[in-house]
2 protein chains.
Amino acid sequence: MESQDLRKVGLKVTLPRLKVLEILETTDHRHMSAEDVYKALLEMGEEIGLATVYRVLTQFEDAGLVSRLSIDGGHAVFELEDGSHHDHLLCVRCNRIEEFVDDVIEQRQRAIAVEKGFEMTDHSLYIYGICRHCQSS
Amino acid sequence: MESQDLRKVGLKVTLPRLKVLEILETTDHRHMSAEDVYKALLEMGEEIGLATVYRVLTQFEDAGLVSRLSIDGGHAVFELEDGSHHDHLLCVRCNRIEEFVDDVIEQRQRAIAVEKGFEMTDHSLYIYGICRHCQSS
DNA sequence: GGTGTAAATGAGAAAGGTTTTCATTTATAT
DNA sequence: ATATAAATGAAAACCTTTCTCATTTACACC
């Protein structure tokens with residue numbers, strides 16, 4: 001059923017690709033590292049190589065199926081692309097990731113790029129803090 | 001003359017620390033990686049180990065003397081702390097880094113953290129793009 | 001349905017930036 | 001001066017990610 005999704009973006013339909021997609025679609029953790037995906041697949045009894053997971057995730061990113069977040073100075077996490085641009089809040093205690101959209105910030109960013117003579121290609125905004133849950137525990 | 005700065009933050013005054021500080025204070029590149037600092041010192045004829053540069057920069061960061069920028073998915077760069085909070089624009093062609101301050105964005109970030117129940121500890125915002133210089137060349 | 005071919009995979013090696021280990025040296029308090 | 005805890009340098013270890021290359025697989029074509 002996702003075979004079409006893969007073909008649509010010019011990727012051959014292979015078991016590893018289907019399985020990675022399945023993990024991303026069925027996990028309760030919207031944000032997963034390559035390692036997370038790899039371990040989830042092993043736990044499901046799938047045989048897959050870590051290098052393949054990295055390759056597939058990168059292909060998915062290029063194809064616009066997922067987006068990659070580069071968390072401060074460390075590993076990357078991936079999220080299924082749902083077409084909505086958003087930025088992220090990260091809990092420094094439990095690593096929970098929440099999403100938000102703010103048009104005011106989006107607009108200011110564009111204005112700043114113009115002011116500084118930059119042709120903006122991308123931006124990344126992370127708010128770090130302690131989430132509600134961790135504050136009370 | 002910077003010996004006091006080091007003592008003030010509880011660091012012994014050692015040659016490597018003085019030299020790293022000197023590089024950061026005298027370079028025309030406000031943003032330098034550990035490797036950059038290391039190479040600059042070697043070129044000055046100083047003997048220093050790369051591990052020491054990393055250690056010293058991390059200590060300076062902890063002491064509030066420098067701040068560390070974690071550039072998208074790669075190495076870190078350091079800048080002398082001048083007390084002013086600012087964010088960064090990065091040129092994806094030439095790696096030039098420019099700084100900006102925007103109170104509207106700062107305020108929106110605080111508001112979003114509150115809305116989401118986060119106690120904000122930090123944030124990072126990078127605008128990526130093509131700088132004026134690179135657009136015209 | 002076979003079959004050829006280019007693409008995909010897996011295992012392990014390699015890369016790149018950063019941190020750790022540990023023996024040696026050094027700064028500072030006494 | 002001297003003792004002691006801290007700092008240093010070199011090399012090894014680390015960690016995430018990418019690359020290499022021999023083997024396997026998907027898909028277009030007959």
Side-chain angles (χ1 to χ4, degrees), chain A residues 1-23 31-42 44-63 65-78 95, chain B residues 2-23 31-42 44-63 65-78 90 95:
Chain A
M1 33 203 70
E2 302 93 353
S3 306
Q4 294 78 285
D5 298 342
L6 291 177
R7 264 190 267 268
K8 207 180 304 173
V9 296
L11 293 173
K12 280 191 188 176
V13 178
T14 66
L15 215 57
R17 300 214 256 240
L18 287 171
K19 288 302 176 186
V20 170
L21 208 45
E22 182 185 336
I23 289 291
H31 301 94
M32 299 182 85
S33 68
E35 189 85 33
D36 292 337
V37 172
Y38 174 63
K39 283 186 184 152
L41 284 168
L42 292 189
M44 278 176 68
E46 295 297 330
E47 294 199 1
I48 194 169
L50 181 56
T52 302
V53 173
Y54 274 103
R55 260 186 307 236
V56 167
L57 286 170
T58 301
Q59 291 156 350
F60 285 3
E61 185 192 11
D62 292 343
L65 296 177
V66 306
S67 30
R68 177 193 303 255
L69 314 189
S70 294
I71 306 295
D72 212 25
H75 54 177
V77 300
F78 298 83
N95 297 316
Chain B
E2 303 92 354
S3 306
Q4 293 79 285
D5 298 341
L6 291 177
R7 265 190 265 269
K8 207 180 304 174
V9 296
L11 294 172
K12 281 191 187 175
V13 178
T14 65
L15 215 56
R17 300 216 256 240
L18 287 172
K19 288 301 174 185
V20 169
L21 208 46
E22 183 185 335
I23 289 291
H31 301 94
M32 297 182 87
S33 67
E35 189 85 34
D36 291 338
V37 172
Y38 175 63
K39 283 186 184 154
L41 284 169
L42 292 190
M44 277 176 68
E46 294 299 328
E47 294 199 0
I48 195 169
L50 180 55
T52 301
V53 173
Y54 274 103
R55 262 187 305 238
V56 167
L57 286 171
T58 301
Q59 292 158 347
F60 285 3
E61 185 190 12
D62 293 342
L65 296 178
V66 306
S67 30
R68 177 193 304 253
L69 314 190
S70 295
I71 305 296
D72 210 26
H75 54 177
V77 301
F78 298 83
L90 291 87
N95 298 315

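Taken over five-pair windows at either terminus, the axes of the helix from C/dG1-D/dC30 to C/dT30-D/dA1 are inclined to one another by 30° (rounded to 10 degrees).
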> How would nucleotides 17-30 of chain D be written as a contact map, 5' to 3', with B for base contact, S for sugar-phosphate-only contact and - for no contact, using protein heavy atoms under 4.0 Å?
Replying inline: BBBB-----BS---

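One can place OH of B/Tyr38 at 7 Å from P of D/dA10, the figure rounded to the nearest angstrom. If you take CD of B/Gln59 and P of C/dT18, they are 16 Å apart, rounded to a whole angstrom. Across the protein-nucleic acid pair, B/Leu6 atom CG and D/dT8 atom C1' stand 15 Å apart, rounded to whole Å. With rounding to whole Å, A/Glu46 atom CD is found 13 Å from C/dT9 atom P. In this entry the distance linking CG of B/Leu57 with C1' of D/dT8 reads 15 Å, nearest Å. Taking atom CE of residue B/Met32 and atom P of nucleotide C/dT18, one finds them 14 Å apart after rounding to whole Å. C/dG10 atom P lies 13 Å from atom NZ of A/Lys19, rounded to whole Å.
Across all non-hydrogen atoms, the minimal contact from A/Thr52 to A/Pro16 is CG2-CB, 3.8 Å. Closest heavy-atom contact between A/Val53 and A/Ala34: CG1-O, 3.5 Å. Considering every non-hydrogen atom in both A/Val13 and A/Ser3, the closest pair reads CG2-O, 3.7 Å. Here the closest heavy-atom approach between residue A/Ile48 and residue A/Tyr38 is recorded as O-CE1, 3.2 Å.
Rounding to the nearest 0.5 angstrom, the gap separating the CZ atom in A/Phe78 from the CZ atom in A/Phe60 is 11.0 Å. Distance check, rounded to the nearest 0.5 Å: CG of B/Leu11 to CG of B/Asp5 gives 10.5 Å.
The main-chain N or O of B/Ser33 is found under 3.5 Å from a side-chain atom of B/Asp36 such that the two form a donor-acceptor pair. With hydrogens and angles disregarded, a donor-acceptor distance shorter than 3.5 Å links the side chain of B/Arg17 to the backbone of B/Lys12.
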